[in-house]
Amino acid sequence: MNQGGFFEKIYAQVYAYVTDADMWVNIGMIVLKIAAIILLSRIVVSVVQSGVNKVFQHRHGSKIQMDQRRVDTMRVLVNNVVQYGIYFLSILMILQLLGIDLRPVLVSAGVLGLAVGFGAQSLVRDIITGFFIIFEDQFAVGDVVTINNLTGTVQEIGLRITKVRSWTGEVHIFPNGTINQVTNFSLQNTLAVVDVSVAYEEDLNQVESVLKEVLASAQTELTDIVAEPQILGVHALGPSEVIIRVTAECKPNTHHGVNRNLRAKIRTELTNRGIQIPYPKIVAVSGKGTV
Amino acid sequence: MNQGGFFEKIYAQVYAYVTDADMWVNIGMIVLKIAAIILLSRIVVSVVQSGVNKVFQHRHGSKIQMDQRRVDTMRVLVNNVVQYGIYFLSILMILQLLGIDLRPVLVSAGVLGLAVGFGAQSLVRDIITGFFIIFEDQFAVGDVVTINNLTGTVQEIGLRITKVRSWTGEVHIFPNGTINQVTNFSLQNTLAVVDVSVAYEEDLNQVESVLKEVLASAQTELTDIVAEPQILGVHALGPSEVIIRVTAECKPNTHHGVNRNLRAKIRTELTNRGIQIPYPKIVAVSGKGTV
Amino acid sequence: MNQGGFFEKIYAQVYAYVTDADMWVNIGMIVLKIAAIILLSRIVVSVVQSGVNKVFQHRHGSKIQMDQRRVDTMRVLVNNVVQYGIYFLSILMILQLLGIDLRPVLVSAGVLGLAVGFGAQSLVRDIITGFFIIFEDQFAVGDVVTINNLTGTVQEIGLRITKVRSWTGEVHIFPNGTINQVTNFSLQNTLAVVDVSVAYEEDLNQVESVLKEVLASAQTELTDIVAEPQILGVHALGPSEVIIRVTAECKPNTHHGVNRNLRAKIRTELTNRGIQIPYPKIVAVSGKGTV
Amino acid sequence: MNQGGFFEKIYAQVYAYVTDADMWVNIGMIVLKIAAIILLSRIVVSVVQSGVNKVFQHRHGSKIQMDQRRVDTMRVLVNNVVQYGIYFLSILMILQLLGIDLRPVLVSAGVLGLAVGFGAQSLVRDIITGFFIIFEDQFAVGDVVTINNLTGTVQEIGLRITKVRSWTGEVHIFPNGTINQVTNFSLQNTLAVVDVSVAYEEDLNQVESVLKEVLASAQTELTDIVAEPQILGVHALGPSEVIIRVTAECKPNTHHGVNRNLRAKIRTELTNRGIQIPYPKIVAVSGKGTV
Amino acid sequence: MNQGGFFEKIYAQVYAYVTDADMWVNIGMIVLKIAAIILLSRIVVSVVQSGVNKVFQHRHGSKIQMDQRRVDTMRVLVNNVVQYGIYFLSILMILQLLGIDLRPVLVSAGVLGLAVGFGAQSLVRDIITGFFIIFEDQFAVGDVVTINNLTGTVQEIGLRITKVRSWTGEVHIFPNGTINQVTNFSLQNTLAVVDVSVAYEEDLNQVESVLKEVLASAQTELTDIVAEPQILGVHALGPSEVIIRVTAECKPNTHHGVNRNLRAKIRTELTNRGIQIPYPKIVAVSGKGTV
Amino acid sequence: MNQGGFFEKIYAQVYAYVTDADMWVNIGMIVLKIAAIILLSRIVVSVVQSGVNKVFQHRHGSKIQMDQRRVDTMRVLVNNVVQYGIYFLSILMILQLLGIDLRPVLVSAGVLGLAVGFGAQSLVRDIITGFFIIFEDQFAVGDVVTINNLTGTVQEIGLRITKVRSWTGEVHIFPNGTINQVTNFSLQNTLAVVDVSVAYEEDLNQVESVLKEVLASAQTELTDIVAEPQILGVHALGPSEVIIRVTAECKPNTHHGVNRNLRAKIRTELTNRGIQIPYPKIVAVSGKGTV
Amino acid sequence: MNQGGFFEKIYAQVYAYVTDADMWVNIGMIVLKIAAIILLSRIVVSVVQSGVNKVFQHRHGSKIQMDQRRVDTMRVLVNNVVQYGIYFLSILMILQLLGIDLRPVLVSAGVLGLAVGFGAQSLVRDIITGFFIIFEDQFAVGDVVTINNLTGTVQEIGLRITKVRSWTGEVHIFPNGTINQVTNFSLQNTLAVVDVSVAYEEDLNQVESVLKEVLASAQTELTDIVAEPQILGVHALGPSEVIIRVTAECKPNTHHGVNRNLRAKIRTELTNRGIQIPYPKIVAVSGKGTV
């Protein structure tokens, strides 16, 4: 192999290299693949974006209401994220086709992504819980519910947050993921419960007959009561009073008003019949001498 | 190798390339594999979908009731997720066959999947716990249970949530994963417990004999009592009263009513026999002088 | 290489390809491997299933009782999961032998598996804790225990849940993983503790001698007391009373009854000896003038 | 191959190596790739930095206010982090091109990154929650809100923290990620609630007519009241008093003042009409003898 | 290459393949490796098992006591787990030598292992904490300790659980991992603390001199007191009494008895010297008129 | 190939191997790479160390003060960690160049690193939170703040911990990561709030005019009051008293003193004007007979 | 190739294989590498062990005291773990050199390691926190500190646990990782705070002048007081008393004694000057009639 001149040889080899069909075909393949990736990423972007747009249009007239301005902001945001994400992936794939090892970039992106993923998990949980609240009809707008010990009327159910208006007017806002336990007062008839205190000295039979009269008249007067009120009996024996419990089944979430009405009626009637208020009683014994 | 013209040589090589059987066989193999993947993914989709449909049909007449509209919504949703998921995987596998490195896409999808997985873990926990609640018969629809300090009648047991109706009518909704501890009142006879307070001055033997009479008559009158009621004895010594505890085994979850009945009967009879109410007693000593 | 016709050449190459022994041997190897995988997976399935069946038969007559219907349900379920899991793995391995890259499928399955794994960790923890509760004999069926502030008689210890029957009849159900702290009343003699209140004016020596007499007679009368009761001395000085503590070692978990007995005996005897009830005392000084 | 001298042979081979075009082309490719990476990293740095600068300029006149000094500090910090991060990645990629295996470095960086990622997840959560608070208009600067049981006027909403000024002047600072539940008093009319106590001996009808007069005059006097005040009725029966609840819908967050006004008016008017203060009542029975 | 018949050619190639020494050597190598793996796994199994057996024998006469039956159960269990685990790994390695790609199996096993690992982390934490409790001598069997607000005598310290016997006889069982904070009463002298209440009217100097006498005599009488008791002074000013605090250093964990003794002695002596009980005092002013 | 003797042949091949330029070039490359790694690691070490030294010098005169001894300790520690870490990585990379597979080491290091990373995440969170506390000026040294329900003057803000000096002198030390909620009293004027109780019998108008006089004189006397004090009105109706609320805006964190001053002035003036103390009032009714 | 006999051919090929220098060189390389790994692992073991020994010797005379027996136990333990760990890694690396794929082993070890790592994270956190407690001088042995609501004198600060001796003698043991918040009483002067109650009827000016006298004499008598005591003024208005707050700056952690002294002095002096005890006052109005 030593016969020719050095440069001739180099020339010959470079020439052979340049005229090597394999290499050209190879380069052609890579160029084709890059073109395919670019084309594909454009198609994916437009498909996903039209999907996103459709999703955001669908929301009108659906269960979840969002005002137009916010929908548009969100749509643009999601579209941008989708677009930049897909183009970023395309660039990475093209770089790899060109033979540049991307593992450092991938590890970095993965770690960054994990940090974001950890931080975003409460967002994901909010949305999943929100979906199930709507899907399972746990409560609807207008229902009276207790969520995390706060009670009010549901004002808005969103995918991420739920708004509940307290009866005193303030609005409680809950991320859906924190809604661990819901109590709904609007699904079933509720029960008005009145505890009547009378002194130990009263005749319980007389008290009961008075209560029966009052409850009978209450049932006719109060339309919210849907079944004959019940006298449950002696609920407890206090230090100075006997407590008799009375219940009345009412239409859903009307028990507060019925409660107040029954309480007033019962108290008035008891007083009219001479059944006294059981004020706290104490037995005072005189101690010997003075101190 | 320098003897022929440049283009001739290129032509010869491209010709050799094009007429290379290996390459054609190779291309044929790839085409075959792509076809196989497409076919396979279609088969998998239809198999999984028919399985999904079967699962959702099976639910009728089973322990878990869902209304038809919601079942259909869910079925369509699951079918869509399955379909898009499998097609997405097929496209990835085809791209890889074409020699495009998909690691960037896989890392991205993995990180995204992890974020969703973290957020979805409470959903998975709900379903696993729901399965075991049903499998282990922890409670059934109609049982009276206490879950997380809220008591009521079980209305609905689902895979994800359980609904419990309080005796006052509100409905508590628990994600199954938050049900850490269940107390079931409907599995065993329950015990009515009445604490009777009498003054220190009374004769305990007399009190006990009165109680025995009352309990004997109560056992015959109240059909919910299933065993002879017991006088446990002096439960506590209060500041002004002796507290005697009385118990009666009743049919499951009937102890509230028995309690009230026993309380009324005992109090009435004690008063009839002249055993006084132990009002709080205080010894007042006069201090010297005035202030 | 340009001498022959194009199709002749293609034909020659395809012919060479088809008659290439390497390829046939290769294909043969792959077919053999696929057969091996199928055979192996069938063997593994049947071995595991017979193991599963054996495990579920063994449970009869063991510490953990499950009723037959539930055991069968579980056995079928586990067998199905094992069968589908192994066949799924076999299909994946065969696809890989055929040269289809499965990384997309693996990443998806891994992420899905992680989500399920996160959600299932409380199930795993329940079972591990359940195993150790049984292995370490922390409590046995029939023991009286306090778990998470709820007390009752252990009714059933399972691998996943433990059932405890309260003395009032309700059944508490605990997933084993939530049992962080157990108090067992049935392992050792328990102590009955009675706090006796007497007025400051009484002679403590006389009180003590009365208590000694009562305790001596109690020890002979009550067979649950296993050692001579102790007068610990002045436990506290209340606003109007001296509190003297008395203890009696009893057989395991009999202290409630002994407590009640001692309380009645002591109170009766003290009253008989003229030692008064220490009613709350107050010194009332008259303020100057009126308001 | 044994014919030539040893060194001649070595020389010949080294010569062949050195004059091997493949190697030179290869080296050329690597140099080209390194140049490309350097160029690319510079471009990426400047693009990202101009983006960062733009982002920090955009913040002026937007919802989130930051003072100029802090914006500049942050901008420089982010630019530095971006610059060093990208250059570090470039160096890693160049080292890999030179054939140095970087897995040890990558594993170390990954583990370090994970530790930081875990620690930083609360930062990520703060920012995500902050974004949604602003996006969903949960509250605005100037609203009166209760966050985590602390109430005050919103002073500043940032991406990471929210500042709320209590009515007594202290400033509460919440990382957004800890804001689990918001109560907003400025979105809806709020309700003034006054509980009026009267003695059991009073005539409830007379009390009600007095209350009606007071409320009517209050509605005309107090401009914050937006609807006719309501007398809800007997809210509770206390030991010595009847509690009547009165409500008045007011403009958002004005209920504190209205409450105070109504309370004063009602109390004054009731006293004027001779309806007494229901001081706690006690029934004192004389005990027999002295102690 | 077209000259011979097709089957001749196949035969020739198969023959060449079969007589290819490389392949035979290769197969020989694989067979050797498989034999090595089987041998190695057997050796590892027996080494590990003898180690396990040794570990379980060593436990006799050590700090951690386990009864023989349980040790044997555990030994067999661990041996089985080790044996099956190592054989499972050997089979996987042999399959890989045979050219079967095991990634699907590995990913599945990894995910399953992670789920178990997550669930088992509290077991690992129990054992690590248990090791340190023993290593650091935090408490020993017989010490009186408070763990998680429950006090008692340490009965057993195990690697996973610790048993503490309350003074009333019940046994508390703590997984070591839940022991976050230990209070040990048996390491140091403990302090008896008595709070003496006297009326405001008493002369504090006289009270102090009485207390000094009592404490001096107590120090000689009670052998548990190890240092001269201290009168700390006026600890608090109650509504009707001055509270003087007295302390006495006692031998470890004897303060309960000393407390009771001191309390009785002090109270008796104070009464003997005419220092009165400070009953709650109230100034009663007569209100004008009647209600 | 069978013609020569065996050893001749071996010799020939070894000779060929030894004189193979490729191998020598290859070895040369590896030696070069090792040299490069050693050089690079030295450069990195010295660059990072000089950076570390610079960072620790910069801290003088900055917001975060550390005393010199501790800074030096930390600097040496960080330098050592950096040095050993980089050298460890270099050795790993050199071993890999020599063809030793390091995956076992990497997996071990990764798992160890993860365990440390998990344990160190609270350290990372402390530092990140500390950075933001300083960057966002949440509080400065000297401010009075409430952190986690403990109030005091900020004494030191560090990257990891914050020290707050309570007004009674003890120093609270908080890791920054546990500071979830900060209340700063030094940013805004604070409000002195005095609740004045008067009897129901007093004339509210007269009380109000007295209060106005007192507040007017207080505003002139107390320089900490920055705005005219307000009489908010009837804050609550107690059982025996009307509570009137008075507020005065003061300079930041001076409200405690102003509160005390106002309270004394108001009480003195009210007494001077004959407005009585509203002592708790009780209506005592005589019960029939004696008990 | 068909000319020779079959066995001749096999023989020839095997001969060629055996005399192939490449293979021998290859085998030689592997043997060399194995030798290198064994040598390296021995060196690493002895280096690390001497380091470990050095670390454990260094601990004498340092801040962290451990008794000799425990140090030796720990040293042997750490040495064993290091030795077995490194040998285990060496064996894995040698197996890999021999061409056995270790991925199954690595995945298993990784998962096991993760489980241990999760369980060990509280150990890591303890040590990291312990390091910072010592490094930052949060408290020293002998300081009086409050950790997690338990107060006492620091007795021992270790890398994993801290021991605090309560003033009543029990020893609290905290793992360092649970120390979230430290209050140190020994760093700064502490403040004695005495709240003095006087009746509303007393002249506040006279009270103040008495207090001034007492405080002046206390400052000269009590050497723990380091600054002139302050009368802060009217701290609160109780139902029957005015509460005046007095403070005195004392040497670190001496405020308990000063408090008691001041309380006694003030009370005595007030009584001497005729300023009465403000006993709770009540206005008793007679109710009409009897009940």
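Throughout, protein chains are lettered first and strands after them, A, B, ... in sequence-line order, and every chain is numbered starting at 1.
- A distance of 7.0 Å separates CD1 in E/I277 from CD in C/E201, rounded to the nearest 0.5 Å.
- Of all the listed residues (C/C250, C/A192, C/P280, C/A236), the one sharing the greatest number of non-hydrogen pairs under 4.5 Å with chain E is C/A236.
- Residue with the most contacts toward chain C among E/E241, E/R165, E/Q121, E/K163: E/R165 (heavy-atom pairs, distance under 4.5 Å).
- Top candidate by heavy-atom pairs under 4.5 Å with chain E, chosen from C/F88, C/F139, C/F132, is C/F132.
- The local environment of CG in E/N149 is sparse, with at most 12 non-hydrogen atoms from other residues, nucleotides or ligands closer than 6.0 Å.
- The CG atom of E/N261 sits 11.0 Å away from the CG atom of C/L232 when rounded to the nearest 0.5 Å.
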Just do the side-chain contact (heavy atoms from CB on, under 4.5 Å) check on C/L237 and E/R267 with the steps written out, would you? CA-CA 9 Å; C/L237 298 168; E/R267 191 61 255 161; 4.0 Å; yes
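- Neither the backbone nor the side chain of C/I244 comes within less than 4.5 Å of any heavy atom in chain E.
- Per-residue counts of heavy-atom pairs under 4.5 Å with chain E were compared for C/L92, C/I179, C/V124; the largest is that of C/V124.
- Top candidate by heavy-atom pairs under 4.5 Å with chain E, chosen from C/E136, C/Q138, C/R245, is C/E136.
- At a 4.5 Å heavy-atom cutoff, the contact between C/A284 and chain E is made by backbone and side-chain atoms alike.
- Heavy-atom distances place no part of C/S122 under 4.5 Å from chain E, backbone and side chain included.
- Residue contact with chain C, scored on non-hydrogen atoms closer than 4.5 Å, involves the side chain of E/L123 exclusively.
- In terms of non-hydrogen atom pairs under 4.5 Å with chain C, the most contact-rich of E/V194, E/I161, E/T271, E/T178 is E/I161.
- Contacts of C/L187 with chain E are made by side-chain atoms alone, with heavy-atom separations under 4.5 Å and no backbone atom involved.
- For a residue to count as touching a neighbouring chain, one of its non-hydrogen atoms must lie under 4.5 Å from one of that chain's; by this rule C/I128 touches chain E with the side chain only.
- With E/H172 as reference, C/T183 is the one residue of C/T146, C/T183, C/N184 to meet the side chain to side chain contact (heavy atoms under 4.5 Å, CB included) rule.
- Proximity to chain C is limited to the side chain of E/L150, based on heavy atoms less than 4.5 angstrom apart.
- A distance-only check finds no donor-acceptor pair linking the side chain of E/R260 to the backbone of C/G233 [under 3.5 Å].
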